[in-house]
Amino acid sequence: MTTAATDFTTQPDAHGHFGQYGGMFVPETLMAALTELSDEYARARKDPTFQAELDDLLANYVGRPTPLYFAKRWSEELGGAKIYLKREDLLHTGAHKINNAVGQILLAKRLGKTRIIAETGAGQHGVATATVAARAGLECVIYMGKVDTERQALNVARMRFLGAEVRGVSAGQATLKEAVNEAMRDWVTNVRHTHYILGTAYGAHPYPMMVRDFHRVIGLEARRQILEHEGRLPQLLIACVGGGSNAIGLFHPFLNDADVRMVGVEAGGEGIIPERHAARFQGGRLGVLQGAKTWLLANEDGQIELTHSVSAGLDYAAVGPEHAWLHDQGRADYTYATDDEALAAFQSLAKIEGIIPALESSHALAHAMKVAPGMAKDDLIIVNVSGRGDKDVAQAARFVFGEELKF
Ligand SMILES: *Cc1c(COP(=O)(O)O)cnc(C)c1O
């Protein structure tokens, strides 16, 4: 259980275990590639020229640091704690995903790879990957479920303009899980010259650790910025959790600050009814999916269940292994927001602060709306606004105005 003396930043072990979670559950043919990647990442991490190049790209291409903005009117409207927003929505390409993509493209170049592949759900990771591949002059193929290519047509067009080939996947539910399967199949076949830029803190080791490390910049900046603004640490951090990368990026630098609580918000969809949500900590179980052992949504036979969320980026059956571990440790709490609650938060932030958040981020904002009113006026909350809502405007308009937008 949580004690002040526990160090929560020692995970994972050398084989990628976060307690009983994580690991490397992949076909034999990928073990060499994962080991090669782990070794190169270990070298890069200690190499000052790698860090310097990454820092330069983050500052001058990606747009870091992002502001930590005090949402004064929204805080007053809710009538409780002071709410600060970490503005990852202001980054190049519109979401936190680019933090990881720039890190991994530098690794791919170090490894001498000439071809990049990735999976994408909402298309944000596909756009981030196509962007860094364009800048590096590397061939790029993005796998995306057919259903997602239709609901996120704007991002498909962006990827194509960026020079990537988008391959629609029509197997199964034709969403993110199937796109990951196809990307892994491609990687097995083309592993010698291809690097797989996985888009969240998930999959086989070293991805959950490496992706987390590339996103830690979110929490490192937020920690410094809240100390500048307020001279003290916040009571509460809130972030949405799909695979878990934006959340772990914010949480990790605060894990050893015992007085800072943190809440990950999963997709409650239409409520906690089988196959109508993607909240893995609500009725999920232990299992293995796509490289990692973790909490996931499956039936009693171990078959992965269908999932649903209004936001494609949270619509996935498994959660990153470090979150499963933090959950068991009692260090972070996990809850959910429904589609309707997320849409209400989307509208509220837009109207009151002039910020249109991604529907994924709106789940975190929805939780802030629930808890802020019950907190003291000088309590501090930081909410991670993981992305901007431009990509979601057509979908939100359908729900809120009952209108079909044509672009
Ligand atoms: C992809 C995405 C998410 C979910 O992914 P995590 O790895 O859980 O962060 C959340 N917000 C936005 C804007 C995204 O694009």
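By convention here, the first residue in the shown sequence is residue 1. Indexing begins at 1, ligand by ligand and atom by atom, following the structure's order.
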Going by the atom numbers of ligand 1, which of them fall below 4.0 Å from some non-hydrogen atom of [X]?
X	value
Gly242	8 (O)
Gly244	6 (P), 7 (O), 8 (O)
Ala358	13 (C)
Gly387	13 (C)

Using distance alone, determine whether [X] and ligand 1 share an N or O pair under 3.5 Å.
X	answer
Gln124	no
Gly243	yes
Lys97	yes
Ala95	no

Does [X] come within less than 4.0 angstrom of ligand 1, counting non-hydrogen atoms of the residue?
X	result
Glu88	no
His125	no
Ala201	no

N/O donor-acceptor pair under 3.5 Å between Asn246 side chain and Cys240 backbone |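 Yes, because the side chain of Asn246 sits within donor-acceptor range (under 3.5 Å) of the backbone of Cys240.
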Mark yes or no for whether His205, through its side chain, and Ala292, through its backbone, hold a donor-acceptor pair below 3.5 Å.
->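 Pair absent, no side-chain N/O of His205 close to backbone of Ala292.
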Can you name the closest pair of heavy atoms from Asn384 and Ala239 and give their distance?
->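 Closest approach of Asn384 to Ala239, heavy atoms only: CB-CB, 4.1 Å.
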Can you tell me if Tyr196 and Asp186 form a side-chain donor-acceptor pair at under 3.5 Å?
-> no
Tyr69 versus Arg87, side-chain donor and acceptor atoms under 3.5 Å | no
Relative to atom 13 (C) of ligand 1, which among Ala122, Ser386, Ala239, Ser245 owns the nearest non-hydrogen atom?
-> Ser386
Go through the steps to decide whether Arg167 and Val141 satisfy the test side chain to side chain contact (heavy atoms under 4.5 Å, CB included), and finish with yes or no.
-> CA-CA 7 Å; Arg167 294 191 186 160; Val141 174; 3.7 Å; yes
Distance to 0.1 Å, residue and atom name: give those for the protein heavy atom nearest to atom 4 (C) of ligand 1.
-> Gly313 O, 3.4 Å
Heavy atom of the protein closest to atom 7 (O) of ligand 1 (residue, atom name, distance) =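 Heavy-atom neighbour on the protein nearest atom 7 (O) of ligand 1: Thr200 OG1, 2.5 Å.
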Taking NZ, NE, NH1 and NH2 as the nitrogens, is one of them in Arg398 or Glu403 under 4.0 Å from a carboxylate oxygen of the other?
->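 No, no charged N to carboxylate O under 4.0 Å.
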Is there side-chain contact between Tyr336 and His277, with at least one heavy-atom pair below 4.5 Å?
->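 Heavy-atom side-chain distance check fails, nothing below 4.5 Å.
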Any side-chain heavy atom of Thr175 sitting closer than 4.5 Å to one from Met144?
-> no
